[in-house]
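Every chain is numbered from 1 and lettered A, B, ... according to where its sequence line falls, protein lines coming before strand lines.
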2 protein chains.
Amino acid sequence: MLSKKTKYGLKALTYLASVNNREPVQIAEIAKHENISQKFLESILLTLRRNGFLGSKKGKGGGYYLIKEPHEILMTSVMRVLEGPIAMIPCVSLNFYEKCDDCPDEKKCAVHKLMLQVRDSALEVYRNNTLADLIP
Amino acid sequence: MLSKKTKYGLKALTYLASVNNREPVQIAEIAKHENISQKFLESILLTLRRNGFLGSKKGKGGGYYLIKEPHEILMTSVMRVLEGPIAMIPCVSLNFYEKCDDCPDEKKCAVHKLMLQVRDSALEVYRNNTLADLIP
DNA sequence: TTAAAATCTACTAAAACTATAGGGTAAAAG
DNA sequence: CTTTTACCCTATAGTTTTAGTAGATTTTAA
């Protein structure tokens, strides 16, 4: 299941991308427009800022804004920050690899074999989509 | 993340498929061979039986066995039973569809648009794999 | 220089889900 | 009738998710 964190994060990014100018947009405005709990969204936007997707400005007239052009923002990186590994199991993860402690030989493992394909197909989708592609 | 339930279920199915004859295999044997908690595996095999993948036999010489040929068992149906919906979000699910209550228009939703592609790509993988394809 | 408007930070907590263990019941075989 | 096995129900520790609360900090504008 996709977490609400990721869902809301994607919606917020898309909303910011759809605002043509790059003026800061307040959390409250995003939350209202996308039907998101404002406090929850606050923490999500914070992690997006810390990971280099957003800039912020405090005080009156402040808010969040995109730091790159929408077509430069790949879904692979967005998903990794919001949802974590793209692989469904660590033993097939590119960026978060971990060996299964119960599995003696990955090459012979059925789960490994299947999940490798799933990872590759998901990766292809995320690599073919930038934030610009999601704007309605 | 793939649940251990699914992981163990897949391993158990593969193990049963690799046993050439269709003699019942005891839970304990599967659990030992695949390094799985026996009690947990017990409940997993039960749901696999209830969903038409396995047959069982009680008493001495009993155990679980495949009810169909490995090449007839599609990963789509296995995954749906073990892991649940293949879609990451209900609004793009074929078999478990549900509307998002926070989303006014699916057609304009960025999350919907992205997750539809992810679902399709995952589906293609699962449809192209039967249990027979996972046997080492 | 004060007040208002925002983000930032840390802490807490309810709810849901996951993985597992325990103990007893039912059926099949010998 | 005893052993062996699957079957079934319950509880529970642990983790993750999804927030909510309270306040600190920074910026702008009056």
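Of all non-hydrogen atoms in B:Leu134 and B:Thr14, the two that sit nearest each other are O-CG2, 3.9 Å. Between A:Ile135 and A:Ser18, the shortest heavy-atom contact is CG2-CB, 4.3 Å. Of all heavy-atom pairs spanning B:Tyr97 and B:Cys91, the tightest one is CE1-O, 3.4 Å. For A:Tyr126 against B:Met88, the heavy-atom pair with the smallest separation is OH-SD, 3.9 Å.
Partners of B:Glu83 according to the salt bridge (Lys or Arg N to Asp or Glu O under 4.0 Å) rule, which considers only residues two or more places apart in sequence or in another chain, do not exist here. Listed by chain and residue number, nothing satisfies the salt bridge (Lys or Arg N to Asp or Glu O under 4.0 Å) test with A:Asp133 (two or more places apart in sequence, or in another chain).
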Item to complete: Go along nucleotides 11-16 of chain D 5' to 3' and tag each nucleotide: B for a protein heavy atom under 4.0 Å from its base, S when only backbone or sugar atoms are that close, - otherwise.
Response: ------

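The pair B:Glu42-B:Lys39 meets the salt-bridge criterion, with a side-chain N (NZ, NE, NH1 or NH2) lying under 4.0 Å from an Asp/Glu carboxylate O. Ion pairing of B:Glu29 with B:Lys32 is absent here, as no side-chain N (NZ or NE/NH1/NH2) approaches a carboxylate O to less than 4.0 Å.
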For nucleotides 18-22 of chain C, print each protein N/O atom paired with a nucleotide N/O atom at under 3.5 Å, atom names and distance only.
{"unit_1": "C:dA19", "atom_1": "OP1", "unit_2": "B:Lys4", "atom_2": "N", "d": "3.1"}
{"unit_1": "C:dA19", "atom_1": "OP2", "unit_2": "B:Lys4", "atom_2": "N", "d": "3.2"}
{"unit_1": "C:dA21", "atom_1": "OP2", "unit_2": "B:Ser37", "atom_2": "OG", "d": "3.0"}
{"unit_1": "C:dG22", "atom_1": "O6", "unit_2": "B:Lys39", "atom_2": "NZ", "d": "3.4"}

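At a threshold of 4.0 angstrom between heavy atoms, the contacts of B:Gly61 with the nucleic acid are absent.
Residues from residues 44-58 of chain A that place a heavy atom under 4.0 Å from any atom of DNA chain D, listed by number: A:Lys57, A:Lys58. Within residues 90-104 of chain A, no residue has a heavy atom under 4.0 Å from DNA chain C.
The shortest distance between side-chain heavy atoms of A:Thr130 and A:Glu69 does not fall below 4.5 Å.
Tested against B:Ile86 for a side chain to side chain contact (heavy atoms under 4.5 Å, CB included), the candidates B:Val125, B:Asp120, B:Leu123 yield a single pass: B:Leu123.
Atoms OG and CD1, from A:Ser3 and A:Ile44 in turn, are 8.0 Å apart once rounded to the nearest 0.5 Å.
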